[in-house]
Amino acid sequence: MIAERMTTIEEIIRDTGNDRTRLLDVLQAVRQNYGFVSNDALQAIAVGLRMPAVEVEDTLSFYAFLNRTPKGRFQIRLSKTPVSLMKGAADVAYAFCAATGAPLGGTSPDNQFTVEWTSDIGMADQEPSALINTTVFNSLKPADVPAIVSALRLQGDPAKLQNAGVRPSLTQAGPVIFSQEAAKTGDGIRAALTLSPEDVIKEISKAKLRGRGGAGFPTALKWKYCRGAKGKAHYVVCNADEGEPGTFKDRLLLIDKPDLVFDGMTIAAYAIGAKDGIVYLRGEYAYLWEPLQRVLDDRSKAGLLGCNVCGHEGFDFNIRIQLGAGAYICGEESALLESLEGKRGAPRDRPPFPTDHGYLEQPTAVDNVETYACAIRILERGSNWFTTYGTPESTGTKLLSVSGDCPRPGVYEVAFGVTINEFLDLVGAPEAVFVQVGGPSGQSVAPKDFGRRIAFEDLATGGSMMVFGPGRDVLDIALQFTDFFVDESCGWCTPCRVGTTLLKKQLEKIVARRGTLSDVVAMETLANTVMRMSRCGLGQSSVNPILTTIRNFPQLYEARLQPETFVPRVTLSEATAEALAIRQSEKSEKKDA
Ligand SMILES: Cc1cc2nc3c(=O)[nH]c(=O)nc-3n(C[C@H](O)[C@H](O)[C@H](O)COP(=O)(O)O)c2cc1C
Ligand code: SF4
């Protein structure tokens, strides 16, 4: 059995070109073939890739989707977010446990099913949702579960089940990305190829395009730096990690408009002088891998990829897809690059920036899926047309992923500058009590600020817009967001690793009505320290749920606080009585022995 496995692992390694930077692919293939990566497999991979076993272990232990121990034949991962829980995810989880016999977080006695929670799987508009192996199931109800489980036992292939798959998500098309008058695939590339690479960058600059991944960095500037940087090769990377809870607009683009994204990557390659592009696709979107690969194959056949793209002598460009393995931090661009190189997704120190030292230490432009889609529209229709939408500092439109308490969830393409009030009317939720703009790492916005605008100069968002109606517990939701960061911290630096856990404990105490004003002050002080001292954007923004709710909902904190002279209901001796009793009995057992 072991010898058989070794041979196959050798084959897997050969398939990836004996390249240790493809370690993530090797581990994914081994997990897919055997259900988990055993110690034997780990050793075989280390030998095959000629690298220390400890480095293989380092990568292997980092990613949530690379099982180190056996799991059920069907791995059921339920999306756990405030929105999914609001829509009944806990009942669905219990229904799966009841139907399979698996405990939550464990495997059924017949080893067929593992049922567990996972972070948001990019289905916030169709919650409760779950991944069964790599197939997505949407809008689950407890009553559906027994039939799903029976069908799995019978059919064996989740993808063949009736309610498998993603429902269409586009709720409102806008004038740019989903424009009715859109050009044909490849037109934008052909338009770009009539210009010099420098002039392509100038056009993007005149359009004032800013990155849609959240930070809003000027795209033209990034491409200009990258083009100017020296290296053996330049790379274009599309950040399709889309891990921010509540966002799913990149998923929609990759399903509905993949050519638009690949066109955008192709003009970026022309602009910066790259021959290779990589789409980093989050592990939760593994079901998109095959359809996207088919689109890439068709593009190669149509001359939109490969040698002399669109007949342009000397412009060669290819794209490959790299599948992630369940780590939110890999959306951060430098962690993403580490992951692309087959390592754990720990952010890099910067400078140097990816535009100088990116993938394999070479100049690399990392851009969001939507940014590429906008870039190609600019080349198709011109920068003047693009700037007629949005605000002077945030031009164009933005795709908003809308979920929560609203009758019409889904993706909305709106011009930048829309106010929260206008947005709430659009999605049919005028009575909302708060809106989480930009996901857990964004801002909790209260009704007093509903006149503010979605724009980089006011409320920036990568796209996540969670709407919460009357009766929702703002502080409990802030606690769930804080818990998300505890789980997703990569653990590299102490302020984030320890700080997020301490903050969660402090907020728990306040939510449970056991805290005082001093606790709030201490929590705010710690949150500011975590924000200032953390090494990357994850730790720096992990405190936002706490800081923005303290700022925008002080009355909710006040309502839960105990007076400063708070007398605990239990005494120290009562609290430690059980532990002392256990110690006492252990001592007596030892004596008896
Ligand atoms: C913790 C963390 C997660 C991130 N996740 C994503 C993501 O899923 N997708 C994305 O495009 N950018 C994400 N970013 C931002 C990227 O680091 C980077 O700024 C972006 O990909 C640049 O592309 P853009 O200029 O087109 O926005 C994340 C940043 C942080 C700190
Ligand atoms: S801030 Fe958090 S996620 Fe970022 S490097 Fe430090 S521990 Fe890792």
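We're numbering straight along the sequence, starting at 1. Scope of the values below: all heavy atoms of this structure, side chains included, with no hydrogens, waters or symmetry mates. Start at 1 and go down the list; that is how both ligands and their atoms are numbered.
Annotation: side chain of K504 is not in contact with side chain of T501 (no heavy-atom distance under 4.5 Å).
With respect to E380 and R377, a salt bridge is recorded, a charged nitrogen being found less than 4.0 Å from a carboxylate O. The pair D349-R535 counts as a salt bridge, with a side-chain nitrogen and a carboxylate oxygen less than 4.0 angstrom apart. At a threshold of 4.0 Å, the pair K257-E413 does not count as salt-bridged, since none of the basic side-chain nitrogens sits closer than that to a carboxylate oxygen.
Less than 2.8 Å away from atom 8 (Fe) of ligand 2, the protein contributes these N/O/S atoms: C490 SG.
The contact set between ligand 1 and T371, taken as ligand atoms under 4.0 Å from a residue heavy atom, comprises 24 (P), 26 (O). Those atoms of ligand 1 with a heavy atom of R212 less than 4.0 angstrom away are 26 (O), 27 (O). Proximity to V366 (heavy-atom distance under 4.0 Å) selects the following atoms of ligand 1: 22 (C), 23 (O). The contact set between ligand 1 and G537, taken as ligand atoms under 4.0 Å from a residue heavy atom, comprises 31 (C). Close contacts between ligand 1 and E242 involve ligand atoms 7 (C), 8 (O) [criterion: under 4.0 Å to a heavy atom].
Residue R348 is tested with E338, E333, E332 for a salt bridge (charged side-chain N to carboxylate O under 4.0 Å, His left out); the sole match is E338.
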### Message
Applying ring-ring contact (aromatic ring centres under 6.0 Å, His included) to F317 and Y270, what does each step give before you reach the verdict?
### Response
CA-CA 8 Å; F317 184 56; Y270 177 67; over 10 Å; no

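In this pair, Y359 and Y235 present their aromatic rings perpendicular. The plane angle is above 60°, beyond the 30 to 60° band.
Annotation: cation-pi geometry not satisfied between R77 and W117 (NZ/CZ under 6.0 angstrom from ring centroid, within 45° of ring axis). Both the sub-6.0 Å distance and the 45° axial angle are not jointly satisfied by R350 relative to the ring of F353.
The nearest heavy-atom contact from the protein to atom 23 (O) of ligand 1 is N368 N, 3.3 Å. Shortest contact from atom 18 (C) of ligand 1 to any protein heavy atom: E333 OE1, 3.7 Å. Atom 27 (O) of ligand 1 has its closest protein heavy atom at G213 N, 2.7 Å. Closest protein heavy atom to atom 3 (C) of ligand 1: E332 N, 3.6 Å. Closest protein heavy atom to atom 24 (P) of ligand 1: G211 CA, 3.5 Å.
Of the candidates N239, D241, D367, L538, N239 brings a heavy atom nearest to atom 10 (C) of ligand 1. For atom 16 (C) of ligand 1, the nearest non-hydrogen atom from the set A327, G216, G331 belongs to G331.
The NZ atom of K343 lies 11.0 Å from the CG atom of L23; values are rounded to the nearest 0.5 Å.
For F262 and Y372, the gap between ring centers reaches or exceeds 6.0 Å.
Considering backbone and side-chain atoms alike, D250 places every N or O at 3.5 Å or more from each N or O of ligand 1.
For the pair G243 and ligand 1, a heavy-atom separation below 4.0 Å is found. Ligand 1 has Y328 within reach: a non-hydrogen atom of the residue lies less than 4.0 Å from it. Heavy-atom distances between K222 and ligand 1 reach below 4.0 Å in at least one pair.
For K208, there are no salt bridge (Lys or Arg N to Asp or Glu O under 4.0 Å) partners two or more places apart in sequence or in a different chain. Here K275 pairs with nothing under the salt bridge (Lys or Arg N to Asp or Glu O under 4.0 Å) rule; sequence neighbours left out.
Within the structure, the side chain to side chain donor-acceptor pair (under 3.5 Å) test picks out the following pairs touching residues 456-466 (sequence neighbours left out): T391-E457, S394-E457, R452-D458.
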